[in-house]
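Each remark here refers to the structure printed beneath this line.
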6 protein chains.
Amino acid sequence: MIKNKIITFGEIMLRLSPPGHQRFAQATSLEVVYGGGESNVAISLAQFGEEVQFVTRLPDNDLGDAVLAELRRWGVGTSCMLRGGDRLGVYFYEKGAGHRNGKVIYDRADSSMATIQPGMVDWDAVFASATWFHWTGITPAISQGAAAACAEAIEAANHHGLTVSFDLSYRKNLWKYGKLPSEVLPPMVAGCDLVLCSMEDAAAHFGILPKAKEDNEMAAIESVSTQLMERFPKAKKIVMTRRSGSDSASQNLGAVLFDGKKLHESSSYQITQIVDRVGSGDALMAGLLYGLLRNMDDQAALNFGVAAAVLKHSIPGDLNLVTVAEVEALVNGAGGGRVSR
Amino acid sequence: MIKNKIITFGEIMLRLSPPGHQRFAQATSLEVVYGGGESNVAISLAQFGEEVQFVTRLPDNDLGDAVLAELRRWGVGTSCMLRGGDRLGVYFYEKGAGHRNGKVIYDRADSSMATIQPGMVDWDAVFASATWFHWTGITPAISQGAAAACAEAIEAANHHGLTVSFDLSYRKNLWKYGKLPSEVLPPMVAGCDLVLCSMEDAAAHFGILPKAKEDNEMAAIESVSTQLMERFPKAKKIVMTRRSGSDSASQNLGAVLFDGKKLHESSSYQITQIVDRVGSGDALMAGLLYGLLRNMDDQAALNFGVAAAVLKHSIPGDLNLVTVAEVEALVNGAGGGRVSR
Amino acid sequence: MIKNKIITFGEIMLRLSPPGHQRFAQATSLEVVYGGGESNVAISLAQFGEEVQFVTRLPDNDLGDAVLAELRRWGVGTSCMLRGGDRLGVYFYEKGAGHRNGKVIYDRADSSMATIQPGMVDWDAVFASATWFHWTGITPAISQGAAAACAEAIEAANHHGLTVSFDLSYRKNLWKYGKLPSEVLPPMVAGCDLVLCSMEDAAAHFGILPKAKEDNEMAAIESVSTQLMERFPKAKKIVMTRRSGSDSASQNLGAVLFDGKKLHESSSYQITQIVDRVGSGDALMAGLLYGLLRNMDDQAALNFGVAAAVLKHSIPGDLNLVTVAEVEALVNGAGGGRVSR
Amino acid sequence: MIKNKIITFGEIMLRLSPPGHQRFAQATSLEVVYGGGESNVAISLAQFGEEVQFVTRLPDNDLGDAVLAELRRWGVGTSCMLRGGDRLGVYFYEKGAGHRNGKVIYDRADSSMATIQPGMVDWDAVFASATWFHWTGITPAISQGAAAACAEAIEAANHHGLTVSFDLSYRKNLWKYGKLPSEVLPPMVAGCDLVLCSMEDAAAHFGILPKAKEDNEMAAIESVSTQLMERFPKAKKIVMTRRSGSDSASQNLGAVLFDGKKLHESSSYQITQIVDRVGSGDALMAGLLYGLLRNMDDQAALNFGVAAAVLKHSIPGDLNLVTVAEVEALVNGAGGGRVSR
Amino acid sequence: MIKNKIITFGEIMLRLSPPGHQRFAQATSLEVVYGGGESNVAISLAQFGEEVQFVTRLPDNDLGDAVLAELRRWGVGTSCMLRGGDRLGVYFYEKGAGHRNGKVIYDRADSSMATIQPGMVDWDAVFASATWFHWTGITPAISQGAAAACAEAIEAANHHGLTVSFDLSYRKNLWKYGKLPSEVLPPMVAGCDLVLCSMEDAAAHFGILPKAKEDNEMAAIESVSTQLMERFPKAKKIVMTRRSGSDSASQNLGAVLFDGKKLHESSSYQITQIVDRVGSGDALMAGLLYGLLRNMDDQAALNFGVAAAVLKHSIPGDLNLVTVAEVEALVNGAGGGRVSR
Amino acid sequence: MIKNKIITFGEIMLRLSPPGHQRFAQATSLEVVYGGGESNVAISLAQFGEEVQFVTRLPDNDLGDAVLAELRRWGVGTSCMLRGGDRLGVYFYEKGAGHRNGKVIYDRADSSMATIQPGMVDWDAVFASATWFHWTGITPAISQGAAAACAEAIEAANHHGLTVSFDLSYRKNLWKYGKLPSEVLPPMVAGCDLVLCSMEDAAAHFGILPKAKEDNEMAAIESVSTQLMERFPKAKKIVMTRRSGSDSASQNLGAVLFDGKKLHESSSYQITQIVDRVGSGDALMAGLLYGLLRNMDDQAALNFGVAAAVLKHSIPGDLNLVTVAEVEALVNGAGGGRVSR
């Protein structure tokens, strides 16, 4: 078996959450998690046994050290890490419950990652022996510098012949530095082989609308996916998540993958107990990448990704701390809350 | 916009609850909440931006001070507070779970509020610039003195031209001082403009039975409401909550309001995750009062109240710590457990 | 009313569980519970007011003392306890959530109970004034010595004229000492009056298959029960639990009891919130025994047992800390998560 | 060795304390301890292996049940327990720290024990096979009824030939029912064989002042002890605790015992870390009783009691959960904070 | 008695601390405190019964709301509060222990208070009915805007005839905006009536050195104080804290006050248990101000301030939640860690 | 600067401790730490920036995985780890307080490390590029197999030319497999360059007694050290720790190092607050090794080691999570519990 080496790049933050179902004003302590879309993917892949490096810029203080320790703990390589800048990005997260929505207060302006500049990372060294690069739409949303560094990374990854995957992950509370996603993203997405985005994002950022009847969801997805591929011809796979649910306590989750010819539809799961939904999209992406890296076919890789995402909902924090065996057991129908003893 | 000033009067207690789903005998610590029907309404209204005063009698010790601090914290006025008496009322509350019912042990006898006497509160000063007075059936259930002080308050409120609202909130473990609700309540209810009670309470305390076929719930409610209005002609609105649910983990919640002519029926919500159900009736009342005070029509005010009560189920403790914007979002269908980021 | 005295015999362990929904690797503390199938039954019966003794072997250290204190706390007699051996058995238990299964790591090898030998317990003294003996299939699965001591106990119990009940409770992670359940169990089961086992266990350990059409579950159960009674003629009642559920968050629970003639089917409950499922089988057995000891008919005793098991799902830890009144209320339909106040 | 049976009688309360060093108004949870002077002595003696019964009156609710469970847990007999009355006594306890004093808010009026009446306890049955009775000055301070029941107990104990010990434990926040200690105590103390009190209490309640020079503490103690014995001729041993310390963080502790002839002076210990000082006086009394019951000479018994009290300061809660071996090790100089491994 | 009204102005931050003695990298949760030098003084004065307003600028989000709730809770007026800007200042605080120093990581750049500008606060309205204004050297250290707003406040306070007090509180990790304290502070201090600073600060920021022999500390203090008064002639009282201690676990604390003629020396306390030392300087200032406002003489006011500061060391968090009676008891020698019951 | 690579070998266990000052029987949860003498040294060296590998044998389950994650988290290399065997060693640790001693219950029999056998570790690979090997007397105390594997390691380390250090760390509760330290240790110690042991151990295990007057401690140490060097001629440095203290709350700590000619005596520190003393000996060893590896002279290295050990007392858990800068600050006198801000 050939060992892959995966690189992810982005911001990891200190997440601070009220315990249990408390609101912010009730909290006398805040639970600590270190998370971010790209590091979540890296950590998830490391749990699956992959060799993975996460690249970011961390402040040179105890909080930056704590992030490094956390990445090491879960087996993610940190040898390409930058240290510098003034602060670790923070986000305050109040979990939702029942009909009450979750709530995020970002406090990440001027973080060490937000003040990164192109040229700081030695991408040739980072990508030297790597095979896959993953990034998300959060990084170019942080700051001009982060967007430029990310564009630089994509270019270098293409130069080094890596496969590049992209998760749009639109965050309306970012994009504050004066540019629109529709200005910044297209040239970056052009360098990607796999794109995960939603119908809404395709419309909003790329102006792509379904050419299909309203009531045929699958046809609409295929139409938008086809247009995305026309627009970004390097992209060979388009993935979309399908979620529904009327409150914070339950959810239906599935996904589809269009390979240019066929629309693969994953199994769908009803999730009736949500411990923590943050990071479930990252879990799906990591599962899908794992499947593809291990040469599963598209359908199997998609099913693996969705099952990984389903399990994420049962784990507190951002991280999908599950093994390949656990995901496979769910894919094979052996969930059900049994206690094995 | 004319600013209203609302007065609520009743007992606030120290609530002590085992953490999580523990039973009393398992608990090595007890969670602290300060709550009571009327103070819950006051605090909820303060979160909605209303000017509200809560009147009660507190012991002159650190626990009484802690109650004052809690009321101030949530923006409720405390300038009319009485200090005196021997102790703060306590109630021990074990949350239910699944098919296990919740359990309350009252330890409120001889509390400072139970030993209040008519004449202690200067109602003319309290009501001087107020527009609304709210009380519940818990206060006359505590002691002869509390009943008398409450009757005095209702009379003074009528004298000062305030609108008076009443929530029957029958507690079978109170009413220990030798009088029945049916003896004490009628003259007090006679001074009220808005009455919230259940079909069972109307039958038990006022002897009012539906003159309608058994299987027509709406007709039965209208029949009982009509008779209540005949009995208490000052009452212009009768409100009833509609709840169903087979265990502690889920619930259907809605309400109806009869305005003398029309029976308004609120939206109904399925609640599949109940964090803490205590205070949901108070949340409904506070939401309804807010709607009426802000000149919503009856239907809109009722919907606002029910949505507020639905959100209460997601918040630990007695207090409905939600904003107007959050309630309106649910009324407008924007719940669903999303994370806004 | 004649007071019964019940004896249970088996291993009680230190259970260590990550708080909330954490995975093992996330835990910075572990919650402490002392539990085991037979002590769970004993403690449950003590909550129902029965006189019950639990017999086991505990190490002579602070952890053994803590177990004794726990048994005393819940009113279980400990006067026949053995002290000795090297260690208290431990099991690490990670609760499941949603689609994630629960997980047990046994660390019970060479425990004081595993190194018990026949002759250590003075069964004549233990059974002197007793009327009922309960054991489970876990004890003979621990070690050769535990199996022999258990066989000795069954023989003595029969000698003293006690009623003997047996719960098969197959644990695939035990049975490590070189013998199969099918070799060890049959002579032991031959001494039992009441047997609780599953269809799978009847097939696996006794080679008994249903002689009935596949799609008729009740007929299949009756067929297997009949054959079990033919095989073990002392057994007058065969009990089987019926469970279904697709994840860790909800469950359907019921049971059947075959008395040689009639198959009694209990009420069935949908459990939509599972606080802790460990010990629910023990809760059912304790409820059933209570019913039979108090001369309920088989149907009523079965219903009592199932309702007890349903309530267990709402209580953290292994122990079913509920009263007779609480079980009866559920049997009589008065659950529903109400708060009584 | 002859086995003694000891009876203690008094009130056990729910103690609620802010965690760590929080003040009352900061606490969002309160730690639960069940304690009281006489039950503390009983539990301590049970840890030393003595057979001991605690007699009190408990409400017939879950909190009363929890107290019973706690007493059973630590091996104290509960077969003479009365159930009835309205509530469990509560006390709120804020630990001191540094120069900040500890603070107690009693909420014990009208507790089940406070509403006890003479005649409720069947003292003949209680004392049937007992050899020692212990009570404190807290019980007659609670209420007229408790004082009368306590007097009844002392009389019965004398009638049955028990040795009677008494700890004055003056509480200025009690004695609210209209009588003074100086009126109530003398006839009760007259029935006692061993008296523990302070110089201040001897002066305040019995009008006994030292006939010795001010600067000779030992002579003063001997003078007061001698007068106490003259006043209460049944008393054969007078014990006084000697404490000093300028803040909540450290303390010097010793004691003296006058046997009518000789003033025995214990070892004195400097305590530089106080985890919880509540119950240290009870620990001393229990240690002293243990020593006397096991026929140590007065000096050895006193040393054992003081060492027990010193260890109590290291244990959270009211209870002195130490063994005879641990106390003896300290008496023999083997403390020092070593870790034995 | 004439009621004073006090105004304090500065930044209040979210303080996040690892529980107990954990280091940052060990923490899985962080304890929440809202504190800052000037709000600490305000809250302390409110506990003493003074009418006090705290002025700052808070972000318009849930964390800003939580700060408001905290201030209201402790009785501090918030009617002059500004809302706006991007974020609440944060500081991470790791408590020291034994020989390990405490550690602070400031994350307060670009906070709502740091981006305040002169003109934002309506000082005429703020000071309308006030008698005293208190500020610290932290505010001009935050940013140019904060310095300018603070200078504006001092000028307005002088214009309105308020007494002005100043605590230098030098923070080496601030002063990052390009100016030195020695440039910024002198014109601001010129408007102050009472100055608290250290010998080191007098030297570093004002170039004032003692004209006295090295080994005479009191003469040195008097010399520096005299020069400070010459330099800032409006100042009528100079206060200096005297601290010593070789580790995080103990401390000696006292203070001196020079009134231009006499050097008053306070009682000195040995503190052998430090729960939380943050805010002890603010506690001293608040106590001193209280004494002066209540017309104590300088010596008594200084003693009151020092005793308040001593008590602060026993309370977790930044806030000195003690009453006048508790401080007076310590002044009068009634500390000692007694439990009053 | 030449980078060293250090190898440590031994057992790492799951440590379970009651929170705060609770006794075992009071604990409802146990705090989780992963620690052991040799891994503590490794983790401490990694915090100082050294490259270090820890070698042990871990079970192939979630607890073994958690240990790996913990080692990675703190930067210790794990590439030579063995997986296999049945269980992770456990020790239960009750912290001491005041005059109460700490208490350890070992539950480590038959752990994966105890069942290690010579030949399992490929020492040639482990030591290939290493310069230093550290082991303790705990490993040969565990089991015959562990002793043999350890002897094998020492031989290989000598073969590869590594410097070998040894900490005797006698544990009376181990050495259960039938051999005495005096039989097993001498040939192993013969391969060591640096030996840390106590006077008692030198006497007990090697029969070496001081040839010096009783009252001259330094002469006695020199005498014993000289004899140790004669007995084990490879040893070039003998180190002894000097501790004193009468309770769990304070301690004096220093050390001496004999280099064959001169007895170096470290600074001595009074420690008045002990958060957790476990691992302080390992901290001293790690600090000393760091100093020697960085070419400090013996006196400086010893001072660094002692200061590191002093800081350890302030940190919860087994691990000395301090940096070189923090140790140097204490060596240079800059402790004192200051808060740097």
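Naming convention: chains lettered A, B, ... in sequence-line order (proteins, then strands); numbering from 1 in each chain.
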Once rounded to the nearest 0.5 Å, what's the spacing between atom [atom1] of [X] and atom [atom2] of [Y]?
| X | Y | atom1 | atom2 | answer |
| --- | --- | --- | --- | --- |
| A:H99 | B:L311 | NE2 | CG | 8.5 Å |
| A:Q273 | B:Q273 | CD | CD | 8.5 Å |
| A:K95 | B:S314 | NZ | OG | 13.0 Å |
| B:I274 | A:H21 | CD1 | NE2 | 12.0 Å |

- So, do B:L319 and A:Q26 sit near enough that their side-chain heavy atoms are less than 4.5 Å apart?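 With C-beta onward as the side chain, the pair stays apart.
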- Query: Hey, are the side chains of A:R23 and B:V322 touching, using non-hydrogen atoms and a 4.5 Å cut-off?
  - Reply: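 The answer is yes; the side chains approach within 4.5 Å.
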- Item | Pick from B:V310, B:I271, B:V275 with the largest number of heavy-atom pairs that fall under 4.5 Å of chain A |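 Max contact count across the listed options: B:V275.
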- Message: Please output the residues of residues 67-79 of chain B in contact with chain A, using a heavy-atom cutoff of under 4.5 Å, in numerical order.
- Response: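 Against chain A, the residues of residues 67-79 of chain B that fall inside the cut-off (heavy atoms, under 4.5 Å) are B:R73, B:W74.
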- Structural part of A:Y93 lying under 4.5 Å from a heavy atom of chain B: side chain
